[in-house]
Number of protein chains: 2
Amino acid sequence: MPTSTVEQYIKIIYTQREHLGEGVVPMKRLSEAMGVTPGTATTMVKHLDEVELVRYQPRQGVLLTEKGENLALRMLRRHRLIETFLEQVLGYDWSEVHADAERLEHAVSDRFIDKLEDYLGYPEVDPHGDPIPTASGAIEPAIGIPLNTCAPGRRVQIARLIDDDTDFLVYMKNSMIVPGQDFGVRENSAVAGTVTIEHLATRRVVTVGFEPAGRILVSEHG
Amino acid sequence: MPTSTVEQYIKIIYTQREHLGEGVVPMKRLSEAMGVTPGTATTMVKHLDEVELVRYQPRQGVLLTEKGENLALRMLRRHRLIETFLEQVLGYDWSEVHADAERLEHAVSDRFIDKLEDYLGYPEVDPHGDPIPTASGAIEPAIGIPLNTCAPGRRVQIARLIDDDTDFLVYMKNSMIVPGQDFGVRENSAVAGTVTIEHLATRRVVTVGFEPAGRILVSEHG
DNA sequence: TATTATATTTTGAGCAGTCAAAACACTGCG
DNA sequence: CGCAGTGTTTTGACTGCTCAAAATATAATA
Ligand SMILES: [Mn+2]
Ligand SMILES: [Mn+2]
Ligand SMILES: [Mn+2]
Ligand SMILES: [Mn+2]
């Protein structure tokens, strides 16, 4: 059985790879996402290669094997079902759900997760809009396009927020930027590096920087 | 913050001490309950003494300090609320609840536990009849007297079962010996080393050995 | 092409927790 | 008292994970 540390590395490699869109995950990126020195990540990744969870190309980076991908999806499933439970059942604030899930995901059994999923009524996405893999490892393609690619005049609905950073989530929540809310794009200025949107229900206008706007995923409609 | 290992040692020292009734907990007992060699327990206990969680008397045994007792009660609270959740909400079988709680108790936050307690409606005992400490560390004295001290003719109600061993619990459950059930004591023979009781609702008769009968705690009534 | 900056790997060390086995210290007899 | 049995502590070693800092490779720039 993999240790919690191994589980965490594998999950991070999966999500970083998703972030990147293509290619291998370089060590700098991995070590930063893990909060660990680069040397530590190198050592670990060599070990993960030994046990066939990743393929490690020295001086290039790392990729999940089939086996690694399965483990990653199992972890994502755990993480997201736990988040859903914390929010919907225990009444956690939407933005404080992440830290607790980060630890619980390594302590629960498969039995726990399957019963929890049943109790929750087989939700398809977690509170941040991320899709929840099934017990067999199937996952819906994550929906949404980055807000910073949307032209002025479009109407959009918030679909997902990348949920790594609590401060980011708190800020977005205070600005009504949560999954399901409808906005109109007012301005999208590459030179100014900002995107301005208006919350349709409250007419409230918010301006966010280009980088954070990339972590707000929306579906265009209308 | 204490590690999970430290949490586990402290919790075990508390429950072993409770089992013993009085005096210090000797190393053999501790190491067996922890599933660890005696040398390991000695090393650990010296460290726990350093950080003021226990008082260690070499060649005698170990006792919790005030600080250690607080931690123990916090762990017991976690363990028992989690067990209650697994049984009442997720629908775990009464006898398979323990193993999962054993890991989860080290991964949950205080926020989690307090919200869970609220969600469960502030239960007073867990599925095995063990009292649940409050957030401030208060605990009801454990109720019940050992079944092997009950005279023939008495009517008793099952109050608690010592929940360390799954096989024990499964057997008791199959014999209707679960908290809340009423029995009549038919025989209590020190020479034979057995106690025979009859389940009043079904007239079913069960005989158990003296040692296991000591782990069945009942309240006499009627 | 030579130089510099950056990413990566290697090396040596440390911490928490564990075991096996040897050394030691107390029973309680005979 | 002396000795055996049992419980306890000590010692040396190992695993998993980590860091700091030195060594090395690659990419970028002048
Ligand atoms: Mn995690
Ligand atoms: Mn999420
Ligand atoms: Mn435990
Ligand atoms: Mn219990």
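Note on naming: letters A, B, ... go to the chains in the order of the sequence lines (proteins, then strands), and numbering restarts at 1 for each one. Quick note: numbers below take in every heavy atom, side chains included, and nothing from hydrogens, waters or symmetry partners.
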Side chain of [X], heavy atoms from C-beta onward: which of [options] has the nearest atom to it?
X	options	answer
Met27(A)	dT8(D), dG16(D), dT9(C)	dT9(C)
Pro38(B)	dT8(D), dC19(C), dA16(C)	dT8(D)
Thr5(B)	dC19(C), dT8(C), dG17(C)	dG17(C)
Pro26(B)	dT8(D), dC19(D), dT18(C)	dT8(D)
Tyr9(A)	dT18(D), dC17(D), dT9(D)	dT18(D)
Val36(A)	dG7(D), dC19(C), dT18(D)	dT18(D)
Lys28(B)	dT18(D), dG7(D), dT8(C)	dG7(D)

If the cut-off is 4.0 Å, is [X] near the phosphate of [N], judged by side-chain N/O to OP1 or OP2?
X	N	result
Thr37(B)	dC19(C)	yes
Thr42(B)	dT8(D)	no
Thr3(B)	dA16(C)	no
Lys46(A)	dT9(C)	no

| task | Would you kindly check whether a donor in the side chain of Arg59(A) faces an acceptor in the base of dT26(D), or vice versa, at under 3.5 angstrom? | result |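 No, the side chain and the base share no sub-3.5 Å donor-acceptor pair.
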Would you mind reading off the distance between [X] atom [atom1] and [N] atom [atom2], rounded to a whole angstrom?
X	N	atom1	atom2	value
Glu32(A)	dA7(C)	CD	P	8 Å
Ile10(A)	dC17(D)	CD1	P	12 Å
Gln60(A)	dA27(D)	CD	C1'	12 Å
His47(A)	dT9(C)	NE2	C1'	18 Å
Met44(A)	dT10(C)	CE	P	16 Å
Leu30(A)	dT8(C)	CG	C1'	12 Å
Met34(B)	dC19(C)	CE	C1'	14 Å
Tyr56(A)	dT10(C)	OH	C1'	11 Å

Around atom [atom1] of [X], are there more than 12 heavy atoms of other residues, nucleotides or ligands at under 6.0 Å?
X	atom1	result
Glu140(A)	CD	no
Arg103(A)	CZ	yes
Tyr171(A)	OH	no

| task | Please report the C-alpha distance between Tyr119(B) and Tyr92(A) in whole Å, then the side-chain angles of each, then the deciding distance to 0.1 Å, and finally whether the ring-ring contact (aromatic ring centres under 6.0 Å, His included) criterion is met. | result | CA-CA 12 Å; Tyr119(B) 182 70; Tyr92(A) 271 54; over 10 Å; no
| query | Would you say the side chains of Thr207(A) and Thr196(A) form a donor-acceptor pair under 3.5 Å? | reply | yes
